[in-house]
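In this text, all values refer to a predicted model and were calculated from it rather than measured experimentally.
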Amino acid sequence: RGLGDVYKRQNVDSLLWFTEKVLPLINKQLGSDFRVLVVGDNIAPSLKRIQADGIKFMGRQPDITPLYDHCRVFIAPTRFAAGIPHKIHEAAAFGIPVVATELLAGQLSWTDCDELLVGDSAEAFADQCVRLYQDETLWDHVRGKALDALARDCSPEQFTAVVQSLTQAASTPVSYTHLRAHETGRN
C-alpha cells in the first residue's frame with residue numbers, strides 16, 4: 001500500500017512546497033548527507049517539474065515497513081487538509097520522529113518540541129528538519145513523547161472508551177421538558 005496519494009491536491013502542494021522552498025534550505029545546511037523518499041502514487045503532472053537531487057520517488061508500495069528502517073525523520077509539510085493525519089501516527093508508531101506543520105500538529109493536539117517538531121515557514125520547516133536529523137538527544141525526546149502520545153490517544157482502550165461514550169450519549173433520552181424550561185428561563 002502507498003503512504004500517500006501524491007495526486008491529491010494537498011499532497012501535491014505539500015511536495016512541491018517542500019521541494020521548491022524547503023529542500024534548498026536543508027541542502028545548504030546538510031549538503032548531500034541525506035535523501036528524501038516519496039512514497040505513494042505520484043501521478044500528478046505537476047510533480048514532473050521536480051528536479052531536485054536527493055529525492056527518490058518510490059511509488060505505491062505493498063509494504064512500507066522496510067522503508068521506515070532506513071528513515072531518520074518523517075516530514076509532513078501539509079499546508080491545508082482536514083481529518084486525522086494517520087500518516088503521522090504510523091511514522092511515530094514505527095519510531096520515526098516527525099516534522100510537521102502547525103495545521104497537522106493542531107489536528108493531533110500534539111505539541112512542538114514534544115511529540116513532534118513544527119515549522120510553517122520554509123525556513124522554520126527546514127531548520128526543524130535539520131535539528132531533528134542532527135540532534136540525537138532531541139530525536140530521542142521527540143520519539144519517546146510521540147510513542148507516549150500514541151499510547152494515550154490511539155490505544156484500543158481509548159478507542160473503546162470513546163465508542164462507549166458516544167453510544168451512551170446517543171442512547172440517552174433527551175428531556176424536552178427540561179429543554180423548554182431552560183429556554184424560557186424556568187427550572
Side-chain angles (χ1 to χ4, degrees), residues 2-6 8-40 42 46-47 49-58 64 67-154:
L3 183 57
D5 294 321
V6 191
K8 290 184 178 175
R9 201 172 88 206
Q10 69 270 20
N11 293 341
V12 171
D13 173 81
S14 301
L15 188 55
L16 290 174
W17 178 74
F18 180 81
T19 58
E20 293 172 358
K21 305 290 184 188
V22 178
L23 191 57
L25 300 172
I26 295 173
N27 281 328
K28 284 182 184 175
Q29 295 182 58
L30 295 179
S32 61
D33 189 34
F34 70 98
R35 67 182 172 151
V36 176
L37 303 178
V38 179
V39 179
N42 52 10
S46 58
L47 296 179
R49 73 182 198 222
I50 296 175
Q51 300 296 321
D53 289 335
I55 291 189
K56 183 173 184 179
F57 285 93
M58 305 295 294
I64 59 173
L67 296 175
Y68 281 120
D69 293 338
H70 300 286
C71 293
R72 180 157 177 79
V73 175
F74 183 88
I75 60 165
T78 304
R79 301 186 304 163
F80 61 91
I84 300 169
H86 291 299
K87 289 177 257 194
I88 292 177
H89 283 149
E90 183 175 80
F94 276 96
I96 308 300
V98 175
V99 177
T101 57
E102 182 64 42
L103 171 71
L104 297 180
Q107 288 173 340
L108 292 168
S109 297
W110 286 12
T111 307
D112 184 26
C113 295
D114 274 331
E115 296 92 356
L116 45 61
L117 297 186
V118 172
D120 273 343
S121 70
E123 295 80 10
F125 202 94
D127 288 345
Q128 295 290 50
C129 288
V130 171
R131 283 181 64 212
L132 198 53
Y133 187 78
Q134 292 181 327
D135 186 335
E136 187 173 340
T137 302
L138 177 64
W139 191 92
D140 286 336
H141 172 80
V142 171
R143 180 182 184 273
K145 289 288 193 173
L147 289 169
D148 291 345
L150 286 173
R152 175 190 71 226
D153 300 340
C154 302

Item to check | Beyond-backbone contact of His89 with Ile84, side-chain heavy atoms, under 4.5 angstrom | outcome: yes
Checklist entry - Nearest 0.5 Å, what's the NZ-SG distance between Lys145 and Cys113? => result 12.0 Å
Checklist entry - How far apart are the closest heavy atoms of Tyr68 and Glu90, and which atoms are they? => result OH-OE1, 3.1 Å
Item to check | Where Leu103 and Thr78 come nearest, the two heavy atoms and their spacing | outcome: CD2-O, 4.0 Å
Item to check | From CA spacing to verdict: side chain to side chain contact (heavy atoms under 4.5 Å, CB included), Leu30, Gln134 | outcome: CA-CA 9 Å; Leu30 295 179; Gln134 292 181 327; 3.2 Å; yes
Checklist entry - Listed by chain and number, what are the side chain to side chain contact (heavy atoms under 4.5 Å, CB included) partners of Lys56, not counting sequence neighbours? => result Arg35, Leu37, Met58
Next on the checklist: Give me the atom names and distance for the closest heavy-atom approach of Thr101 to Pro77.
Outcome noted: CG2-C, 3.7 Å
Next on the checklist: Between Leu147 and Glu115, is the side chain to side chain contact (heavy atoms under 4.5 Å, CB included) condition met? List the steps.
Outcome noted: CA-CA 8 Å; Leu147 289 169; Glu115 296 92 356; over 6 Å; no
Checklist entry - Taking atom CG of Asp69 as the centre, does the number of heavy atoms from other residues, nucleotides or ligands within less than 6.0 Å exceed 12? => result yes
Checklist entry - Given side chains that start at C-beta, do those of Asp33 and Tyr133 come closer than 4.5 Å, heavy atoms only? => result yes
Item to check | Check: Val36 and Phe18 side chains under 4.5 Å, non-hydrogen atoms | outcome: yes
Item to check | Shortest non-hydrogen contact between Gln10 and Phe80, atoms and distance | outcome: CB-O, 3.0 Å
Next on the checklist: To the closest 0.5 Å, what do you measure between CD1 (Ile55) and OG1 (Thr19)?
Outcome noted: 5.0 Å
Checklist entry - Can you name the nearest heavy-atom pair linking Arg49 to Glu20, along with the distance? => result NE-OE2, 2.7 Å
Checklist entry - Under 4.5 Å between any side-chain heavy atoms of Arg143 and Ile96, yes or no? => result no
Item to check | Shortest non-hydrogen contact between Leu150 and Ala93, atoms and distance | outcome: CD1-N, 3.2 Å
Item to check | 4.5 Å side-chain heavy-atom contact, Val22 and Ile75 | outcome: no
Item to check | Within-4.5 Å side-chain heavy-atom neighbours: Ile88 and Gln107 | outcome: no
Checklist entry - Does any non-hydrogen side-chain atom of Val73 lie less than 4.5 Å from one of Phe34? => result no
Checklist entry - Considering only heavy atoms from C-beta outward, does the side chain of Val98 approach that of Trp110 to under 4.5 Å? => result no
Side-chain donor/acceptor pairs under 3.5 Å, residues 117-129, sequence neighbours excluded:
| residue | atom | partner | partner atom | Å |
| --- | --- | --- | --- | --- |
| Asp120 | OD1 | Glu102 | N | 2.9 |
| Ser121 | OG | Ala124 | N | 3.0 |
| Asp127 | OD1 | Gln29 | NE2 | 3.1 |
| Gln128 | OE1 | Arg131 | NH1 | 2.7 |
| Gln128 | NE2 | Asp112 | OD1 | 3.4 |
| Gln128 | NE2 | Val118 | O | 3.0 |

